[in-house]
Amino acid sequence: MPLWFARGLRRGVVTTRYPARPDDSAAFLPAPPAFRSRRLTRDIVDRMVAVCPGPALSRRDDMLLFDVGACTACGRCAEAAPDAVAPSGEFELAATSRSVLVKEIPIRGGER
Ligand code: SF4
């Protein structure tokens with residue numbers, strides 16, 4: 001029996017202290033990706049756009065457009081380009097405006 005369950009029964013508290021305190025389990029949650037601008041090339045971005053199952057990724061010229069609100073944190077883009085993508089570790093993505101969830105990431109791979 002998990003320790004937290006026994007503690008909850010004993011104290012009558014069945015929830016964690018989140019959001020007042022970060023929850024340890026957050027480290028194990030899938031998180032949207034973070035992109036390394038200097039590792040991105042047009043080819044890499046096009047490959048990530050092709051594997052993304054939804055509308056979260058697109059490319060406009062030398063810009064990667066990332067709609068965090070449409071990302072399911074599936075990890076397919078990271079599998080397609082592991083050198084250019086890492087988990088952000090950020091899953092608290094509430095926003096008051098939809099537009100702030102759309103990120104423009106410059107494609108700088110190959111720049112010196
Ligand atoms: S994690 Fe999945 S849904 Fe999110 S941008 Fe990458 S491929 Fe698209």
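Every number for a ligand or one of its atoms is a count from 1 in the order of the listing.
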Should you measure from each heavy atom of Cys71, which atoms of ligand 1 turn up under 4.0 Å away? 1 (S), 3 (S), 4 (Fe), 5 (S)
A student checking ligand 1 against Gly75 at a 4.0 Å heavy-atom cut-off should list atoms 1 (S), 2 (Fe)
If you measure from CD1 on Ile107 to CG on Leu40, what distance do you get to the nearest 0.5 Å? 6.5 Å
Counting backbone and side chain alike, does Cys74 bring an N/O/S atom below 2.8 Å of atom 4 (Fe) of ligand 1? no
Consider ligand 1: state whether an atom of it lies below 4.0 angstrom from any non-hydrogen atom of Gly54. no
With a cut-off of 2.8 Å, does any N, O or S atom of Cys77 fall short of it relative to atom 6 (Fe) of ligand 1? yes
Hey, could you give me the CD1/OG distance between Ile105 and Ser37, rounded to the nearest 0.5 Å? 7.5 Å
Sub-4.0 Å heavy-atom contact, Thr72 with ligand 1: yes
Do Pro33 and Cys71 have side chains that approach each other closer than 4.5 Å (heavy atoms only, starting at C-beta)? yes
Assess whether salt bridge (charged side-chain N to carboxylate O under 4.0 Å, His left out) is satisfied between Arg38 and Asp83, documenting all intermediate values. CA-CA 10 Å; Arg38 294 197 179 280; Asp83 291 341; over 6 Å; no
Contact atoms of ligand 1, heavy-atom distance to Phe66 under 4.0 Å: 5 (S)
Give a yes or no on whether a salt bridge exists between Arg17 and Asp24, defined as a side-chain N under 4.0 angstrom from a carboxylate O. no
Starting from atom 5 (S) of ligand 1, which protein heavy atom do you reach first, and at what distance in Å? Leu57 CG, 3.6 Å
With a cutoff of 4.0 Å, is Pro32 in contact with ligand 1, counting heavy atoms of the residue only? no
